[in-house]
Structures are given as C-alpha cells and as structure tokens.
Protein chains: 2
Amino acid sequence: MPSATVENYVKKILVLSLETSEGQVGMGEIAKGLDVAAGTATSMIKTLEREKLVRYKSRQGVTLTAKGRKLGMDMLRRHRLVETFLVETLGLDWTEVHQEAEELEHAISDKVLDRLDEFLGRPEFDPHGDPIPTKDGKFAERRIRNLLECQSKQPCTIKLLTDQSTDFLNFARRKGLVPGTAVEVTNRDLISDAVELGVGKGKPFTLGSKAAKKILVSS
Amino acid sequence: MPSATVENYVKKILVLSLETSEGQVGMGEIAKGLDVAAGTATSMIKTLEREKLVRYKSRQGVTLTAKGRKLGMDMLRRHRLVETFLVETLGLDWTEVHQEAEELEHAISDKVLDRLDEFLGRPEFDPHGDPIPTKDGKFAERRIRNLLECQSKQPCTIKLLTDQSTDFLNFARRKGLVPGTAVEVTNRDLISDAVELGVGKGKPFTLGSKAAKKILVSS
DNA sequence: GACGAGACTTTGACTAATCAAAACCAAATC
DNA sequence: GATTTGGTTTTGATTAGTCAAAGTCTCGTC
C-alpha cells in the first residue's frame, strides 16, 4: 500500500502533467505544489522511482509510469467522488470541500468508494465541473473552452473554474458564475483586454482577460 | 491536533476502561489491544501523559483525564457514526464495517461529521447496537442485560453483540441473532450451562453460556 | 525472608518524512 | 572563456512511531 504521502506526490505530478503538453514536470513545481522544501521533493521522487511510479532524469524532470498514472487517476477519482458526495449528499458548499476531500481520499477503501459511486449515481463530473475518472482510469473528454476563446452571442454553460482559491470562488459566486449556469459572451474586445458577459436575465458585466481565462465553458 | 496514533491509543484506553469498573487500565491490555510491543505502549503512554490525556502510575495503570475522556468519546462518536453511515446509507454489511470506520474516523472533520449526523437523523445507536456518544461526550444509558441474565418467557430485543469478531458475527447472523431482532428465552438451565432461545417463529435452539453472555438484550 | 514468574520499563536501533543550509550544475551574460 | 544566477541535489539533523532484547519490579509461594 502506498502511503498517503506517496499518493499525494503522485496525484500532484499527474495534475501538473495534465496542465502541460509534454507530461514532464519540474522538481520546483512539485515542491511548490506540495509546499515542501526542494530537497524533500528530490528525495521523495527518488523513492517514487524505486517504487516504479515515476521516471526521473536528474535536473530534467519527472514523468509518471503507467503504474504511476494509474495510481494518480485513482486518487483523482477518489478526490472528486468524495467532493461530489460532500456537496450533493451532505450539502456542503462547493467552495470548501477541497480540503475535506484531501484527507478523506486516503482513508476510503475501494469497496466503500465503489458503493459511494453507485449511491451517487455514477456521476461524470464533480461539483467544480471536473470530470471524475472511471475505475479504469479514463475520463470523459470535455469539449471545453475558456471564456476568452468563446464566440460572441453564443449561449454556453459554465463547466469549471480553474482557479480554486477561495477568493476567486467567492468572487465567482457573487457574480453567479457557478458550474451549470448558462452564460453568453455579449461582446469581445481583445484590444481592451476584456469580455462582456451576460448571466441569465441580469445586466451584462465586464471581465478582464485574466479572469475570463479561468472560466471554462461548454457550448 | 492529535495524530491518528494518539487518537487510537486514547480510544482503546476508553473502551478498556469502560469494561472494568475502576477505569484503570493495565499496560499489557493496551499493548495487546493495539497489537504493539509492550515497550511501545509504555513509551506512547508517556507521550499521552505529557499531553495531559492520561494519568499514569508506573507499573500500576493508566486512567484518562477529563481531556482524554473527551477525546476518546469523540473518537467513539466518529467511529460509530461512520459505521452507521456505511450500513444505513451505503448498504455495507454490519459485520465488515469496523475496519473501514477505523480508517475514516481519523480523516473526517468535525463539520462533515456533524452534517453526517444530521443526514442520518441523529441516530442514538450504531448498527451493532452500541450507543453513539453525543457531541458533548455522553451517551444514552442502556438498560441492557445479557441473555444469561434474562428472565424466561420474557420477550426482548437484541441490542448488541459484545464479541465483534467476524466468526462470532457470522455465527450470530446465521442464527438470526442481529440487533433489532425479537427473541425469547424459552428455557434456562444454569446447571447444564445453557440457554434455550426462540427467535421469531423458528424452532428454539440452545446456546452455551459463553455465547449467551455475549448477546445483550433490552426488554 | 528468599525465589521465581510474569508483567513492565529501558535501551538502542530503525524507517518515513521532513527541513535548513551547503554544494553543485547549466544556461545566459559578459 | 569566465562569471553570475537560479534551480537542483546532497548532507546532516530532527520527529513520530515502532521493535527486540535486556533490565527491573512485584507478588505469590515456599
């Protein structure tokens, strides 16, 4: 059994590697992402290599092996199913479940997880709009763009906020920008670096490009 | 925050001290109960003493302080609520939830626990029939006797099996001796060291006194 | 009162995970 | 080619929890 620490490293490497195209992750990113000293990450990565969870070229980067990707996907599945449960069933706020899930994902057995999945009706997306990997480690492809890439005048649905800081989530909620909401880009002006957005019946308002990029939608 | 290990020691001491009248627990019992070497228990108990969770007289025994009892009760509450959830909501078998709960009880936050409690309808007893402590660390008194102490011909209800080994629980289930079931002692013979028991409409059968003592009922 | 058995404590060693700080390398700059 | 800079690796120490084995009590028996 991998320790909770090992699980966290692998999950972090998976998430970071999904964000880049090459799938190679730098030591610095890992240390930063897990909030540990650089040297701690280096030595832990060597342990993961011994366990055949990652491949590691000194001073170049880390990539997951098939075994590592499997474990990482499993952790992502655990995390997202737990989040879904906390929001759907226990009625917690979707802005605050991340930390809770961070603990529970390591404590829940495969059997209980499976029952939970069934109880929740085998959901495909978690409350943040992220896809939940299936048991064999695949997730449904999203056809998703960020608001900046969106056609004007086309109705679409918010699927995911990529910045999960509490501040940003609170801002988003105040504006009604929660996953599932229908929105429409009413105006795009790339020169002034802004997007005008209509949410439901409300009066349109303007978002800067930084924020617009963080909001993913499907049409 | 106490570590999972500390929580386990305190919970075990609480459970052991509830079984004796004096509330004093020997070092050997603790080591045995947690399946660690004797020396490990000794050194851990010293740590607990530093944390003011227990009082400890060398070579005499360990008692919980108020702080320790509070923590222990909290862990018992966590454990039993989680078990209730696993059986009631996810439909797991009550003979197998103990191990699952053993892990989850350390990972669940107070907030989530409270929501879970609410979701379950603030249950007073877990699937084994054990009372669930309230948030302020008290539990409903049980007026409960074991089958050996039971009056003949008096209908009563099974509340709790004190032996939670899988073997015993399986035996009990085969015989229909699960918490909630109505039973009746049809005959008591203290000389032959046996109790004859009727379960529902079925033909009465005989239990040895050892087994009878492990089955608690309320009338 | 001495003895022995069994419970308890002490000692020394080990593992996983961590940090701080020193040492090191590689790539851009001069 | 020499130098600086910033990320990376190494080194040495620390903490929590553990075990095995050696040492120490305590109590019942003679």
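Just so it is clear: chains get the letters A, B, ... in the order the sequence lines come, proteins before strands, and each one is counted from 1.
- Between B:Ser58 and the phosphate of C:dT9, there is a side-chain N or O to OP1/OP2 separation shorter than 4.0 Å.
- Among the atoms of the strands shown, only primed sugar atoms or phosphate atoms (P, OP1, OP2) are found under 4.0 Å from some heavy atom of A:Gly28.
- Here D:dC19 presents its C1' atom at 12 Å from CG of B:Asp35, a figure rounded to the nearest Å.
- The cationic atom of A:Lys175 (NZ for Lys, CZ for Arg) lies less than 6.0 Å from the six-membered ring centre of A:Phe205 and within 45° of the ring axis.
- A side-chain donor from one of A:Asn8 and A:His106 sits under 3.5 Å from a side-chain acceptor of the other.
- Within the nucleic acid shown, A:Ser43 comes within 4.0 Å of at least one base atom, counting heavy atoms only.
- Distances from the side chain of A:Val6 to the nucleotides D:dT18, C:dA17, D:dT9 place C:dA17 closest.
- Between B:Asn8 atom CG and D:dG17 atom P there is a gap of 11 Å when expressed in whole angstrom units.
- Considering only the side chain of B:Val36, D:dC19 comes nearest among D:dC19, D:dT10, D:dG17.
- Side-chain contact between B:Thr40 and B:Leu34: absent, with no pair of heavy atoms (C-beta onward) separated by less than 4.5 Å.
- Taking atom NZ of A:Lys12 as the reference point, atom P of C:dA17 lies 18 Å away to the nearest angstrom.
- In this structure, A:Lys214 satisfies the cation-pi test against A:Phe168, with its NZ or CZ atom closer than 6.0 Å to the six-membered ring centre and inside 45 degrees of the ring normal.
- A straight line from CE of B:Met44 to C1' of D:dA16 spans 8 Å, rounded to a whole angstrom.
- One can place CD1 of B:Ile45 at 12 Å from P of D:dG17, the figure rounded to the nearest angstrom.
- Looking at the side chain of B:Thr42, the nearest of the listed nucleotides C:dC19, D:dT18, C:dT10 is C:dT10.
- Side chain to side chain, A:Ser109 and B:Glu100 meet the donor-acceptor criterion of an N or O pair below 3.5 Å.
- Set against C:dA26, C:dT18, C:dA7, the side chain of B:Arg59 has C:dA7 as its closest nucleotide.
- Whole-Å rounding puts the B:Met27 CE to D:dC25 C1' distance at 14 Å.
- If you check every strand for non-hydrogen atoms under 4.0 Å, A:Thr5 touches sugar and phosphate atoms only.
- Atom pair A:Gln60:CD and D:dT9:P shows a separation of 10 Å (rounding to whole Å applied).
- At the phosphate of D:dG17, neither OP1 nor OP2 sits under 4.0 Å from any side-chain N or O atom of B:Thr40.
- Between B:Tyr56 and the phosphate of C:dT9, there is a side-chain N or O to OP1/OP2 separation shorter than 4.0 Å.
- Residue B:Thr47 places none of its side-chain N or O atoms closer than 4.0 Å to OP1 or OP2 of D:dG17.
- The nearest whole Å value for the distance from the CD atom in B:Glu29 to the P atom in C:dA7 is 12 Å.
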